[in-house]
Trainee: 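Starting off with a structure, shown below.
Quick caveat, the model's predicted, so the values are computed rather than measured.
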Amino acid sequence: MAVTQRRGRRIMMTPGELDEFLAEQRTCRVATVSADGRPHVSALWFAWDGTSLWLYSITRSRRWAELRHDPRLAVLVDDGEEYGELRGVELSGTAVFVGEAPRTGEPCSELDVPERLFARKNFGMDEMPHDGRHAWLRLTPDTIASWDFRKLSAL
């Protein structure tokens with residue numbers, strides 16, 4: 001994974017800060033590419049396992065269809081209201097489809113950790129409920145850019 005930022009290194013998140021931020025945030029914005037090349041952005045819940053971002057998407061969504069056609073995506077997770085509070089992470093790479101689609105709960109050891117993380121974070125449960133409408137996408141980012149404007153006060 002490459003750090004893509006040359007400017008702003010003083011406000012970029014450390015690996016520990018990045019892990020903590022992605023573990024606490026709930027919603028991300030997912031950008032995909034439509035067949036005619038237009039970008040499409042949608043909001044989605046996610047889980048971060050320290051290496052990959054796990055997205056639980058409706059399989060009949062435009063996002064899912066676009067990723068089947070072109071698996072490139074970018075994801076933005078951000079937080080803050082005032083300028084000095086702004087912080088965020090942009091991750092980009094290629095989506096990988098994991099497990100059955102739609103997900104019904106068939107055993108899949110690769111999904112044990114992300115499903116546990118996702119269920120705790122978003123549902124307050126220890127096990128993932130499966131509705132037969134969603135399935136998993138994994139983004140192991142090729143590039144990550146981050147910023148934390150709260151660090152500006154220390155500069």
Trainee: Does Glu17 pair with Lys151 as a salt bridge, N-O distance under 4.0 Å?
Mentor: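 So Glu17 pairs with Lys151 through a salt bridge.
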Trainee: Taking all non-hydrogen atoms of both residues into account, name the closest pair between Gly37 and Val33 and its distance.
Mentor: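 Smallest heavy-atom distance, with atoms named: CA-CG1, 3.9 Å.
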Trainee: Using every non-hydrogen atom in the two residues, find where Leu91 and Pro141 come nearest and quote the distance to one decimal.
Mentor: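 Scanning both residues, the minimum pair turns out to be CD2-CG, 3.7 Å.
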Trainee: Between Ser92 and Ile144, is there a side-chain heavy-atom distance shorter than 4.5 Å?
Mentor: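 No - every pair of side-chain heavy atoms lies 4.5 Å or more apart.
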Trainee: Answer yes or no: does atom CD of Glu24 have more than 12 heavy-atom neighbours from other residues, nucleotides or ligands under 6.0 Å?
Mentor: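 Atom CD in Glu24 is packed in, count exceeds 12.
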Trainee: Starting from the C-alpha separation in whole Å, work towards a yes-or-no answer on side-chain contact (heavy atoms from CB on, under 4.5 Å) for Cys28 and Leu22.
Mentor: CA-CA 10 Å; Cys28 65; Leu22 291 174; over 6 Å; no
Trainee: Taking the side chain as C-beta and beyond, is there a heavy-atom pair between Val30 and Val41 under 4.5 Å?
Mentor: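 Of all side-chain heavy-atom pairs linking Val41 with Val30, none is under 4.5 Å.
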Trainee: For residues Thr104 and Glu106, determine if any side-chain heavy atom of one lies less than 4.5 Å from a side-chain heavy atom of the other.
Mentor: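 Sidechains of Glu106 and Thr104: in contact.
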Trainee: Would you say that more than 12 heavy atoms from the other residues, nucleotides or ligands in this model lie under 6.0 Å from the CD of Glu85, or not?
Mentor: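 Counting other residues, nucleotides and ligands, CD of Glu85 exceeds 12 neighbours.
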Trainee: If Ile, Leu, Val, Met, Phe, Trp and Tyr residues are connected whenever their side-chain heavy atoms lie under 4.5 Å apart, and connections chain through other members, are Leu44 and Leu67 in the same group?
Mentor: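 Yes, Leu44 and Leu67 fall within the same hydrophobic cluster.
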Trainee: Are Phe97 and Leu73 connected into the same hydrophobic cluster when the rule is that any two of I, L, V, M, F, W, Y join if their side-chain heavy atoms are below 4.5 Å apart?
Mentor: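 Yes; tracing contacts between hydrophobic side chains, which count when under 4.5 Å, links both residues.
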Trainee: Assess whether a salt bridge exists between Arg116 and Asp126, defined as any Lys/Arg side-chain N lying under 4.0 Å from an Asp/Glu carboxylate O.
Mentor: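 Looking at Arg116 and Asp126, the cut-off is not met.
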Trainee: Given 3.5 Å as the limit, does a donor-acceptor pair link the side chain of Glu100 with the main chain of Gly105, or not?
Mentor: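 The answer is yes, because a donor-acceptor pair under 3.5 Å joins these two groups.
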Trainee: Between Thr32 and Trp64, is any pair of side-chain heavy atoms under 4.5 Å apart?
Mentor: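 A side-chain contact is absent here, since even the closest heavy-atom pair is not under 4.5 Å.
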Trainee: For a side chain to side chain donor-acceptor pair (under 3.5 Å) with Ser42, tell me which candidate from Arg63, Arg62, Arg29 qualifies.
Mentor: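 Filter result, single survivor: Arg63.
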Trainee: In the structure I gave you, are the side-chain heavy atoms of Glu110 and Asp112 within less than 4.5 Å of one another anywhere?
Mentor: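 The answer is no, as the side chains (C-beta and beyond) never meet within the 4.5 Å cut-off.
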Trainee: Under a single-linkage definition using a 4.5 Å side-chain heavy-atom cutoff for Ile, Leu, Val, Met, Phe, Trp and Tyr, are Leu76 and Leu86 assigned to the same hydrophobic cluster?
Mentor: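 In one cluster with Leu76: Leu86, yes.
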Trainee: Is it the case that Arg87 places NZ or CZ above or below the six-membered ring of Phe21, under 6.0 angstrom from the centre and within 45 degrees of the axis?
Mentor: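 Negative - Arg87 is either too far from the ring of Phe21 or too far off its axis.
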Trainee: Should Asn122 and Arg26 count as side-chain neighbours, where that means a heavy-atom distance under 4.5 Å?
Mentor: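 Touching, per the 4.5 Å side-chain cut-off.
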Trainee: With a 4.5 Å cut-off on side-chain heavy atoms, are Leu18 and Trp48 touching?
Mentor: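 Answer yes - side chains close enough.
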Trainee: Nearest heavy-atom pair of Asp148 and Met13: which atoms, and what distance?
Mentor: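 Between these two residues, the closest heavy atoms are CB-CG, 4.3 Å.
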Trainee: Give a yes or no on whether a salt bridge exists between Asp131 and Arg103, defined as a side-chain N under 4.0 angstrom from a carboxylate O.
Mentor: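 Salt bridge absent between Asp131 and Arg103.
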Trainee: With sequence neighbours excluded, give me every salt bridge (charged side-chain N to carboxylate O under 4.0 Å, His left out) pair touching residues 37-60.
Mentor: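 Qualifying pairs: Asp36-Arg38.
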Trainee: Under 3.5 Å, is there a donor-acceptor pair linking the side chains of Arg72 and Thr94?
Mentor: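 Arg72 vs Thr94: no donor-acceptor pair found between side chains.
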Trainee: Other members of the hydrophobic cluster containing Trp54, with the 4.5 Å side-chain heavy-atom rule, please.
Mentor: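 Result for Trp54 is Trp45, Tyr56, Val96, Val98, Leu111, Phe118, Phe123, Met125, Met128, Trp136.
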